[in-house]
Protein chains: 2
Amino acid sequence: MGNSRVTLRRVAEIAGVSPATVSRVSRGTTPVSPEVRDRVLRVIEEHGYKPSHFGRALAERRHGALGLVFPGLSGPYFSELIQGFEAEALETGDSVLVLASHSRADTDATVLDLADRVDGMAIHGGTVSTDTIGKVAQQIRVVVMASEAGPAQASVSAANDTVKDLTRHLLVDHGYRRLAFVGMPDGSPDVTARWQAFLAAHKSARRKPPAEPIRVGLQQSDGAIAAEQLLDRDDRPDAVVCANDETALGLLLSALGRGLRVPQDVAITGFDDMPMAALVRPALTTIRQPIRELAATTARLLADPLDQPAGDIVLPTELVLRSSCGCGGVP
Amino acid sequence: MGNSRVTLRRVAEIAGVSPATVSRVSRGTTPVSPEVRDRVLRVIEEHGYKPSHFGRALAERRHGALGLVFPGLSGPYFSELIQGFEAEALETGDSVLVLASHSRADTDATVLDLADRVDGMAIHGGTVSTDTIGKVAQQIRVVVMASEAGPAQASVSAANDTVKDLTRHLLVDHGYRRLAFVGMPDGSPDVTARWQAFLAAHKSARRKPPAEPIRVGLQQSDGAIAAEQLLDRDDRPDAVVCANDETALGLLLSALGRGLRVPQDVAITGFDDMPMAALVRPALTTIRQPIRELAATTARLLADPLDQPAGDIVLPTELVLRSSCGCGGVP
DNA sequence: CGGTCTCATGAAACCGGTTTCAACCGTAAC
DNA sequence: GTTACGGTTGAAACCGGTTTCATGAGACCG
């Protein structure tokens with residue numbers, strides 16, 4: 001590799017000025033006389049000088065990088081998350097270091113290691129122990145996504161209580177009697193909140209408590225796994241509230257594959273409103289959350305130099321009624 | 001923040017030794033007498049000293065980080081890719097910087113910027129112009145994934161020509177007459193190779209050339225879009241070869257939603273063998289590729305200090321026959 | 001014409017590690 | 001008793017920028 005990079009001092013030497021002047025020209029902080037400036041710029045151009053991140057990071061005592069930690073799951077949710085975060089980081093000239101290793105056992109150690117390579121860290125709920133989050137927050141700025149904030153950190157999440165509206169819609173408007181919930185409440189804070197809302201809706205509609213949730217993950221394949229537990233048994237539920245669209249689609253696919261009619265035989269709902277939700281037949285009733293905005297807000301909070309008070313931002317979500325719950329015409 | 005970190009010189013001062021000795025103890029490169037070593041270690045422990053990445057990176061002239069550039073698509077393929085890459089990088093103590101911002105005009109510029117924050121870069125085929133790849137390769141080591149290598153870089157990909165076997169299976173073993181291909185050949189090198197294999201199979205089976213491909217992306221929703229173009233028309237194909245499992249599942253879902261039987265009314269195949277492929281009904285006939293290994297191999301090539309000759313590694317893939325092509329019993 | 005103020009510039013310290021080089025110690029060999 | 005040697009250790013240079021501080025030149029004012 002021809003990595004014989006030109007250094008600032010070399011540029012200074014060639015241009016016949018001091019290193020300090022080159023630095024000033026390069027970053028444009030302090031005024032420099034036009035002629036000197038031009039001369040230095042020409043040398044920079046000719047020799048392809050680019051300031052090294054090493055030196056700059058050391059001198060400025062900041063990495064120019066933000067960390068993003070999340071469970072390494074697939075699906076549009078996380079890919080939107082990455083992109084939204086990254087787009088915002090680019091805006092401020094920061095790089096993004098991701099940690100998607102779901103291995104969990106060594107995640108905590110890895111996160112601590114990551115903590116001194118970045119200026120701030122976004123941690124998705126349910127990936128790292130609160131203890132570790134606390135330690136990281138002592139070193140750098142931390143924002144928790146899709147989860148309640150710890151005492152010292154800010155957090156950004158989307159309103160999960162819209163699940164209450166959705167559940168009420170199923171119970172009251174459609175009159176379904178046996179609802180099931182697909183998702184692992186202890187797995188992630190988001191799912192916990194949605195399960196709670198599901199419970200609360202039953203209570204406020206004076207129905208008896210629903211059955212235990214079908215404890216599966218958040219991937220599409222988990223929806224297929226849930227199908228085996230839900231659809232083949234005698235007392236099949238007449239409506240299923242899934243923790244997210246991925247599992248809802250997995251379940252829907254399995255239901256159709258079994259020859260069941262949706263929503264006539266079983267109604268299905270999701271959460272996220274990913275692109276596929278509107279395209280599928282029957283179109284999926286779900287709750288729209290602003291994933292990109294969630295990620296962008298998080299990144300902004302991390303990059304913003306002014307010390308935000310550790311507050312909790314909750315972005316609004318919206319119930320989207322389509323046909324998979326029984327609304328509208330025939331699918 | 002209490003980021004009043006203890007520096008190496010401070011440790012040296014407290015322990016009453018020279019900075020050099022602390023460095024030696026800290027990295028364990030040079031022998032140090034046991035008593036001094038213990039003393040220094042105790043100070044390090046007590047004051048929670050951790051070497052700064054700034055200083056270390058500057059002195060060692062390496063970042064301890066690898067870059068990963070890929071189109072910001074969703075789905076298990078890319079999430080496996082990230083995780084496989086990351087797991088391998090962790091092994092050698094490297095961090096991973098990702099760039100997932102596709103569909104951005106300035107991606108090339110961003111890639112160049114990333115190039116001087118990392119020691120090596122993995123670039124997924126179809127994301128960056130070959131011109132830019134060349135520029136990056138002048139600075140740092142580059143490995144191209146899922147694409148032919150440029151002249152100067154190494155590459156790692158999976159065998160796409162198994163699509164030829166798959167296509168022949170559909171044409172010859174099952175006797176399908178009107179095959180369709182879903183995927184945009186010019187979009188990614190992988191899809192190009194699969195389309196070529198699809199064509200080649202037709203030729204070698206002495207069939208007339210197939211119809212133009214349905215040019216859609218690689219997401220599940222693209223499969224649903226393809227469904228609108230394929231399934232509603234009169235001369236519906238009797239078998240569809242999709243560029244990947246995501247689109248195949250999108251198509252399958254749409255087909256079932258339309259009341260079509262798979263494979264009786266239309267056979268569907270994919271590529272990847274993601275978890276969902278085996279779970280869905282009918283189970284998806286597909287081609288298994290070792291995504292994780294692909295990513296891990298790439299990372300290893302980047303981290304390995306010995307200069308690999310710029311070669312092209314092609315990992316084997318395997319045809320997986322399930323029921324969506326018409327094999328096996330009733331779905 | 002002298003004094004003060006402003007502005008551009010260079011010298012040098014600094015960020016936090018690593019590494020080379022030389023000095024120093026004690027021991028073994030002659 | 002002196003020399004040679006192996007093993008520890010510290011001083012200092014270095015990695016590549018940024019920034020403070022001081023200096024000198026020129027402009028402006030009285």
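Not measured: the values here are computed from a predicted model. Lettering follows sequence order; numbering is per chain, from 1.
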Nucleotide C:dG16, atom P - distance to CZ of A:R62 in whole Å
16 Å
Would you tell me if any nitrogen or oxygen in the side chain of B:R27 comes within less than 4.0 Å of OP1 or OP2 on C:dT19?
yes
D:dG16 phosphate, OP1 or OP2: any side-chain N/O from A:S52 under 4.0 angstrom?
no
Nearest whole angstrom, please: distance from the P of C:dG16 to the CZ of B:F54.
9 Å
Could you state the atom-to-atom distance from CG of B:L58 to C1' of C:dT18 in whole Å?
10 Å
B:R27/B:E60 salt bridge by N-O under 4.0 Å criterion:
yes
Let me spell it out: for each of B:G55 and B:S33, pick the nucleotide of DNA chain D with the closest heavy atom. Which residue's pick is nearer the 5' end?
B:S33
Assign each of B:V36 and A:P51 the nucleotide of DNA chain D bearing its closest heavy atom; nearer the 5' end lies the nucleotide of B:V36
State which of C:dG10, C:dT9, D:dA11 makes the closest approach to the side chain of A:A20.
C:dG10
For a 4.5 angstrom cut-off between non-hydrogen side-chain atoms, does B:V118 reach B:H63?
no
Looking at D:dG16, I'd like to know if its phosphate oxygens (OP1 or OP2) sit under 4.0 Å from a side-chain N or O belonging to A:Y49.
no
Given atom CD of A:E60 and atom P of C:dG16, what is their separation to the nearest angstrom?
14 Å
Between B:D304 and B:R141, is there a salt bridge with N-O shorter than 4.0 Å?
no
Give one of base, sugar-phosphate or nothing for A:V17, where a contact means two heavy atoms less than 4.0 Å apart.
sugar-phosphate
How many Å lie between CD on B:E13 and P on D:dG10, as a whole number?
14 Å
Just to be sure I understand the rule, does A:R9 reach a base, reach only the sugar-phosphate, or reach nothing, if contact means heavy atoms closer than 4.0 Å?
base
B:T7 side chain, from C-beta outward: closest of C:dC15, C:dG17, D:dG16
C:dG17
Using atom CZ of A:R5 as one end and atom P of D:dG16 as the other, report the distance to the nearest whole Å.
9 Å
Rounded distance (Å) that lies between atom C1' of D:dG17 and atom NE2 of B:H63
13 Å
Side-chain N or O of B:R24 closer than 4.0 Å to phosphate OP1/OP2 of D:dT8:
no
Below 4.0 angstrom, N of the basic side chain to O of the carboxylate: do B:R42 and B:E45 qualify?
no
Using a heavy-atom cut-off of 4.0 Å across all strands, would you classify B:S23 as base, sugar-phosphate, or nothing?
base
Looking at B:K50 and A:D116, is there a salt bridge between them, counting it only when a charged N and a carboxylate O are closer than 4.0 Å?
yes
Quick one: A:L8 CG to D:dG16 P, roughly how many Å, whole number?
10 Å
Determine whether any donor atom in the side chain of A:R56 lies under 3.5 Å from an acceptor atom in the base of D:dG16, or the reverse, and answer yes or no.
no
Between B:T30 and C:dT19, is there a side-chain N or O to OP1/OP2 distance below 4.0 Å?
no
Could you tell me whether A:Y77 and A:H124 have their ring centroids closer than 6.0 angstrom?
yes
